[in-house]
Amino acid sequence: MKPDVRAQILDLAATYPTPQAALLSALQMVQEAEGGRLTTEDLSDVARLLDVPLGTVYATVSYYTMLNLEPVGKYHLQLDTNISAKLVGALDLLAHIEQALGISAGETTPDGLFTLSTVEDLGACGTCPVLQVNDRYYEKMTAERFDELLTSLKQGVMPDWKTEGNWGTECNILLARRGKPDSTALAGYVADGGYQALEKALTLSPAEIVQMVKDSGLRGRGGAGFPAGVKWSFLPKGSTKPVYLVCNADEGEPGTFKDRQIMEFDPHLLLEGMAVSGYAVGAKQGYIYIRGEFAWIADILERAVAEAREAGKLGNNILGRGVEFDVRVVRGAGAYVCGEETALIESLEGKRGNPRLRPPYPAASGVFGCPTIVNNVETLACVPYIVLEGAEAFSQIGTPNNTGPKLFGVSGHVNKPGVYEFPLGVPLAKILEAAGGVVGNLKAVIVGGLSTQILTADECRDLTMDYDTCAEYGTGLGSGGIIVMNDTVEIPEIALRTIEFYAHESCGQCTPCRQGSTTIKQMLKRVVDGKGSSEDLENVLQLCKTIMGNTLCPMGDAFSMPIEAMLLKYRAEFDSLLPDGSLVR
Amino acid sequence: MASLPETEVKTLTLTIDGQEVTVEPGTTVLEAAQSVGIDIPTLCHDPRLEPFGACRLCLVEVEGGRAPMPSCALKCGDGMVVHTRTERIMKLRKFVIELLLSYHPLDCPVCEAAGDCRLQDYAYEYGVAVSPWGWHPLEFDTRDDHPNIARDPNRCILCGRCVRICREVMGIGCWGFRSRGYDTIIDTAYNMPLEAVDCVSCGQCVSTCPVGALNMKRSRFGARNWQTEKTMTVCDYCAVGCEQEIQTFRGELVRVKAPTGEGVNAGNLCVKGRFGMEYVNSNERLIAPLVRGEDGLLAPTTWDDALARVAEGLKKAKAAKGVGVIASARCTNEENYLLQKLARTVLGTNNIDSGARYNQAAAVATVGKVLGYPAMTNSVADIVEAEVLLIAGSNTTEEHPVLALQLVKAAREGKELIVVDPRRTDIARRASIHLAVKPGSDAVLFAAMLKHIVDSGLHNKDFIAAHADGFEELVESVKAVTIEAAADACGVPAADIKSAAELYAKAAAASIFYSAGLTQQHNGAAAVTALADLAVVTGNIGRAGTGVNGLAGQANAQGACDMGCLPDYLPGYVALDDAEAVKTVEAVMGRVSDKIPGQIIGSMLQGIVDGQIKALYIVGENPAISEPGAAVVKEALEKAEFLVVQDIFLSETARYADVVLPACAITERDGTLTSTERRVQRVRKTMDCLEGAKADWEIVLAIANELGAGWTYTSPAEIMAEIALAVPTYAGISYERLEQGGIQWPCVDAEDDGTPILYTEGFPGGRASLAAIEVSDASVADIAAGNGFSLLLTTGIEREHFGTGTRSRRAAGLTGLVNEGRLEINPTDATALGVAPGDRIRVTSVSGSIEPVAVVTAGVPQGLVFMPQHYVEAPATALFPAQVDPVTAVPLLKAVAVKVEKA
């Protein structure tokens with residue numbers, strides 16, 4: 001191991017209560033320094049350095065898709081083939097790339113220059129197809145753009161292409177600064193009135209802020225929609241342990257790409273939200289756990305943290321008021337489950353991202369066994385507005401019990417896929433209109449990310465987008481990731497692709513999820529391949545019903561609910577794939 | 001006495017399947033259900049582990065709850081209404097089993113676990129023959145490279161119990177989940193052989209595997225679980241006192257298990273306990289008495305002939321006042337009691353000593369003097385209560401592996417461990433402070449710690465005033481000590497000494513552990529006494545998580561001492577000059593003709609050389625290898641006019657004997673052993689006595705009667721009844737009571753449940769007697785001899801073997817792991833001497849020379865080499881002169897100057 005990497009790892013480890021917490025970061029540093037792959041020796045070195053058994057290090061590495069035990073080419077091309085990408089031609093692009101490189105996905109070119117992999121959702125649904133090359137995203141890819149990219153890579157140059165996604169805002173709260181030049185800099189943020197909420201917050205008591213957030217009606221934007229202020233109030237009173245505030249930036253739900261808009265274009269909004277929230281909950285340390293693929297966004301955040309610290313907006317004496325709160329950015333390493341808060345906590349501690357049994361809930365025992373609040377990026381980004389403008393002003397936005405602005409990511413068959421900020425309760429039709437309207441004839445919409453139940457065109461015609469209405473419609477607002485499908489889409493294929501994703505991401509810990517997801521996958525594959533039977537379809541339904549509510553974490557629900565909905569609502573399409581005569585009903 | 005505040009004992013009452021259950025707070029629903037006989041299936045649960053909740057078999061429905069909850073993790077709540085067999089739950093259980101059977105190999109006919117497999121049980125109970133979703137067996141390679149453990153990942157149900165027991169309980173982490181989702185497999189790093197990944201071969205992973213994915217290779221195809229006879233007994237290696245379930249089939253031992261929740265070990269065993277009992281099946285067992293013929297060779301004879309010769313030989317020596325008896329710290333209390341009775345009341349001598357001399361006997365003149373009882377003060381169970389644990393001269397994870405699990409757990413929970421050991425042992429690696437003292441300087445260290453505590457005012461003045469004498473004298477004795485000088489003498493930083501002292505003194509509860517690393521060391525008595533002083537001065541005694549805990553070496557070292565196998569004490573530690581007490585013992589045992597203390601083992605051997613001792617009767621000990629001063633020992637054993645050795649094997653000592661008496665193994669006889677925590681426990685006959693051999697107590701009885709004693713004992717139970725009369729601390733102990741489990745002495749009458757923690761209500765003598773700390777600097781300096789003997793050798797115990805290897809070296813489950821004497825040497829020293837790993841080397845001291853194999857490791861500091869004591873081909877003891885601690889008479893086997901060269 002290179003001495004500077006070694007020193008960096010030791011420095012990092014010393015900042016955590018347990019050295020193992022530095023494990024993921026350490027492995028990433030070593031992998032980066034050693035040409036994209038971790039050798040036996042690397043693992044042993046890291047194990048010794050952090051006093052973690054080699055077996056545990058190996059088990060951890062094998063869990064995360066971004067840590068490589070096998071050699072990869074100089075350029076690791078990773079093409080997102082998840083549903084949003086598939087809807088806009090990612091598979092055609094894959095065929096093109098395979099042909100251009102003369103290899104299939106999973107292979108490396110003989111000259112060791114290129115490894116091609118297909119990967120799951122990269123959080124770029126509005127700008128897909130997206131190709132990740134090493135740590136860099138190339139969005140809105142086409143065959144032509146790929147050829148251009150390839151030429152450049154062959155010359156040893158990774159071009160610095162900027163991709164502007166579509167966006168729009170009606171609320172001007174979360175995306176208010178989206179279009180400004182150099183929107184990530186502190187100076188601009190302050191010039192636009194930034195960090196005034198923090199100023200104000202420090203004149204209030206933490207309890208007053210908690211009350212404001214409760215009064216504002218702010219519901220968690222990660223997907224569950226749990227009232228944020230209520231979550232905060234679950235922290236144990238009188239505990240002597242430190243409190244941690246964790247920002248969940250592991251945006252990985254297929255169809256979702258909204259948190260990155262805040263982090264990428266207005267990082268100080270998030271940091272201010274965290275500083276205020278940290279003060280409110282009594283935390284001195286905050287972590288932003290960002291999905292590993294968002295490397296450049298992590299860099300943006302780190303620069304912002306450094307600037308904020310320099311300016312006294314973070315650190316051990318915030319605004320000279322003796323308040324202590326600092327933020328560290330921690331990158332994940334490729335695992336969807338880490339978006340679940342207890343899995344995220346495990347991952348933060350340097351472990352496999354296996355969800356924990358609850359109770360205890362993180363508020364009682366989270367990171368390092370200490371009281372922990374985990375909030376989504378968008379949730380935290382709403383906090384400055386609430387503090388500055390008041391709970392009342394916030395709750396005026398949206399509808400009762402569904403207050404505030406919401407980011408909606410629209411992908412799939414629309415003319416202007418992108419992120420749009422509307423008050424909660426906005427009609428779905430209005431969002432689709434903002435997104436340039438549907439391409440072709442609308443067939444179905446998944447309104448809240450892939451884990452929510454699909455709605456047919458008829459069902460969603462009058463839908464308004466808020467937590468309660470979506471629930472009434474038998475689906476969920478979820479993360480607000482809207483996947484639009486026109487009538488060229490075959491639902492059985494979507495169902496298969498859905499379960500393939502969840503089977504790939506199951507942590508494997510509990511029996512129903514691990515075995516159930518793969519069993520469903522096998523049966524749907526048979527059906528899509530034209531070799532299935534009606535018994536298979538019945539079995540899938542049966543499996544979904546039995547799995548629902550019975551897995552260790554919400555993952556079981558996340559696939560059994562949408563699969564069941566697709567099968568129930570589009571049964572005829574599935575039946576039509578069955579070989580003649582096998583339909584015995 | 002001030003009235004105590006009424007403490008409210010809160011309990012919770014809940015309803016499970018209509019049945020009301022009252023439990024302590026913190027009880028899980030699974031435990032509550034089990035307590036009333038409601039069976040909830042689980043695959044991933046083991047009471048030794050943290051709840052995992054992943055198999056989803058133990059889900060239950062709670063009224064008012066949204067989704068089913070895993071009962072293994074769900075804590076009981078007052079008024080909770082739980083249903084364990086609703087339609088939904090029953091369907092779910094079946095579903096989980098169906099999912100598992102969809103890939104399980106279904107090779108039950110050849111699976112080692114068949115009949116002892118939870119998946120098989122549940123598949124049967126829930127009527128799942130095949131999975132409705134087809135059968136897709138896995139195709140992983142099986143691994144068979146470990147000598148004792150076979151693994152078949154295809155049978156694995158991914159419950160993770162092996163992963164968790166290795167990490168949570170053992171504190172190691174050989175196993176891990178590899179990959180994720182459906183591709184998950186449990187594996188070592190890079191699928192390496194277990195032996196390459198820190199595996200200590202404890203087999204704990206095998207013990208917790210609910211299916212046949214991990215199994216005991218050595219008993220494979222031996223016998224089905226249901227074919228074996230099962231008997232609960234106690235392990236006869238170290239003195240932790242682990243309960244074992246011995247499984248026999250057709251008269252042979254096939255398997256050793258430990259039911260979870262039973263005994264001090266709660267289901268855990270170490271490598272020896274699990275894989276080391278095969279020696280009882282050895283074809284080297286003695287099956288007939290042997291006598292030395294005219295030709296000088298040992299030849300089989302009849303028991304009648306052998307006993308007659310023994311009686312004659314002993315009678316002759318008795319007449320010359322030249323008999324010595326060496327009892328065994330491996331034999332039962334009953335056998336040891338009879339042996340000392342034979343010596344004292346039949347042979348008329350106090351020349352009775354035992355293997356406890358090598359360590360445990362030290363307690364008599366040290367902690368026994370300061371506190372009252374020469375024994376471990378506290379229990380294994382209350383180790384968890386300690387905030388700080390001071391561990392000195394104990395390589396605990398290798399010497400007392402199952403007790404060490406509590407120390408490992410403490411370290412994992414963030415408790416502070418202070419380890420005093422020249423070597424960087426496994427437990428030292430887990431410590432907050434490792435004081436790698438120079439050999440022999442421990443007493444200096446403790447004196448300095450004591451001085452620092454008193455100087456800093458951290459001593460417990462109230463406790464001392466109320467409970468201890470001699471504080472001023474103690475302070476006076478350490479007056480001249482300075483931390484800096486001590487740091488220099490010990491070779492450790494002064495700051496570490498201070499931190500250790502402060503940590504220990506400031507803790508709400510701090511406990512001390514020590515073992516042979518102190519007692520066999522120069523200044524050992526002073527060091528142990530100082531530890532007892534430290535505990536009293538800081539008030540760390542008489543409460544949970546405190547105390548001075550000397551860890552006994554051999555399984556019944558404590559019992560052998562309790563039974564009076566000491567040259568200066570009768571049973572119950574009655575000093576020979578305490579006329580009143582002696583009379584009480586005599587009233588039970590018979591007249592003790594000699595009131596002058598006898599000789600220890602070493603002196604008896606020297607006595608033979610000097611001509612005073614004519615005959616020696618050795619039971620189950622192997623001084624030919626275990627005693628220092630090889631030349632004297634050899635001469636003595638050769639010169640003895642009459643030597644009787646009683647053993648299960650023809651030990652190195654037995655080869656010198658005139659008569660060899662074949663004894664039964666521990667699995668073939670009844671009796672009791674007293675563990676290191678003073679727990680008197682039953683060993684039980686699990687198989688018939690090997691034909692030709694006899695139980696030790698029967699042999700002693702026969703010899704006594706041959707000598708005209710007229711003893712009438714018909715069973716060990718009867719002997720225990722006599723012990724209860726003779727030894728007040730055993731007064732309440734009987735075989736009948738022991739059927740309910742072991743009892744920790746003192747147990748003064750039939751109503752007394754025993755004493756887990758000593759001195760909770762004060763000291764037996766009224767007050768503790770703090771002892772001045774006297775360190776003789778000279779002895780430390782002596783060790784470094786010079787003259788080309790530039791290295792210091794220390795000895796100890798290896799995880800895989802025990803004693804002189806008489807038993808462990810005859811267990812293939814152990815010899816398959818390690819089977820040769822290895823000298824550990826620091827890389828720098830090795831390089832300087834041109835020694836490479838694996839080289840055969842010659843180690844020479846002024847006393848002798850041995851030829852072990854070199855292991856190069858930074859675990860020993862520069863200048864120190866380490867050699868285990870178990871190898872007759874390379875006996876480390878041969879390098880030591882015959883020297884004992886002047887106070888405790890324990891042989892000094894921890895530091896000798898040597899030179900090392902390539903052989």
Side-chain angles (χ1 to χ4, degrees), chain A residues 17-18 40 43-44 47 51-65 69 335 337 352-354 356-359 369 502-523 535-536 539-540 542-543 545-552 556-557, chain B residues 43-44 50-57 59 66-70 72-75 88 91-92 94-100 102-103 131-134 136 157-160 163 166-167 171-192 197-198 414 429:
Chain A
T18 61
T40 314
L43 261 57
S44 304
D51 196 23
V52 179
L54 177 62
T56 306
V57 174
Y58 179 81
T60 308
V61 171
S62 73
Y63 182 88
Y64 294 99
T65 56
L69 287 164
V337 178
R352 292 166 61 88
N354 287 352
R356 293 179 180 175
L357 273 177
R358 293 179 300 183
Y502 287 102
H504 180 262
E505 298 297 340
S506 167
C507 81
Q509 199 179 197
C510 79
T511 320
C513 177
R514 179 186 70 235
Q515 300 300 134
S517 59
T518 293
T519 306
I520 292 174
K521 184 178 89 174
Q522 288 163 346
M523 291 190 292
E535 197 188 345
D536 284 332
N539 277 335
V540 169
Q542 191 57 41
L543 276 158
K545 270 203 192 69
T546 318
I547 291 166
M548 242 178 268
N550 291 325
T551 49
L552 195 150
D557 294 358
Chain B
L43 286 168
C44 68
E50 294 293 318
F52 195 52
C55 73
R56 313 308 282 175
L57 256 188
L59 297 192
R66 265 195 322 168
M69 299 286 282
C72 65
L74 182 64
K75 297 272 193 289
R88 176 176 183 179
K91 216 167 119 186
L92 188 64
K94 196 170 173 193
F95 171 68
V96 168
I97 298 159
E98 284 168 347
L99 285 175
L100 292 171
S102 72
Y103 70 94
S131 167
W133 310 297
H136 311 279
I157 55 164
L158 299 172
C159 66
V163 177
C166 195
R167 194 84 184 99
I172 304 175
C174 298
W175 298 114
F177 289 98
R178 189 181 84 197
S179 305
R180 68 187 192 201
Y182 191 77
D183 297 330
T184 309
I185 169 178
I186 287 172
D187 203 353
T188 57
Y190 294 100
N191 195 22
M192 287 195 279
V197 294
D198 300 330
R429 277 193 282 273

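Letters A, B, ... mirror the listed sequences (proteins, then strands); counts begin at 1. Keep in mind that the numbers below use all heavy atoms, side chains included, and drop hydrogens, waters and symmetry copies.
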Taking the side chain from R514(A) and the backbone from G508(A), do they hold a donor-acceptor pair closer than 3.5 Å? yes
Contact part of [X] toward chain A, heavy-atom cut-off under 4.5 Å: side chain, backbone, both or neither?
X: R429(B); value: neither
X: Y190(B); value: both
X: L59(B); value: side chain
X: R66(B); value: neither
X: P70(B); value: side chain
X: F52(B); value: both
X: V96(B); value: both
X: L74(B); value: neither

[X], part contacting chain B, at a heavy-atom distance under 4.5 Å:
X: A335(A); result: both
X: T551(A); result: backbone
X: T519(A); result: side chain
X: L357(A); result: side chain
X: R352(A); result: side chain
X: M548(A); result: backbone

For chain B, which of A503(A), P359(A), G549(A) has the most heavy-atom pairs under 4.5 Å? G549(A)
Are Q542(A) and K91(B) packed together at the side-chain level, in the sense that at least one heavy-atom pair is separated by less than 4.5 angstrom? yes
Among L92(B), T184(B), T188(B), V197(B), who wins on heavy-atom pairs under 4.5 Å with chain A?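 Of the options given, most contacts go to L92(B).
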Taking atom CG of D51(A) as the centre, does the number of heavy atoms from other residues, nucleotides or ligands within less than 6.0 Å exceed 12?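 Check fails, neighbour count at 12 or below.
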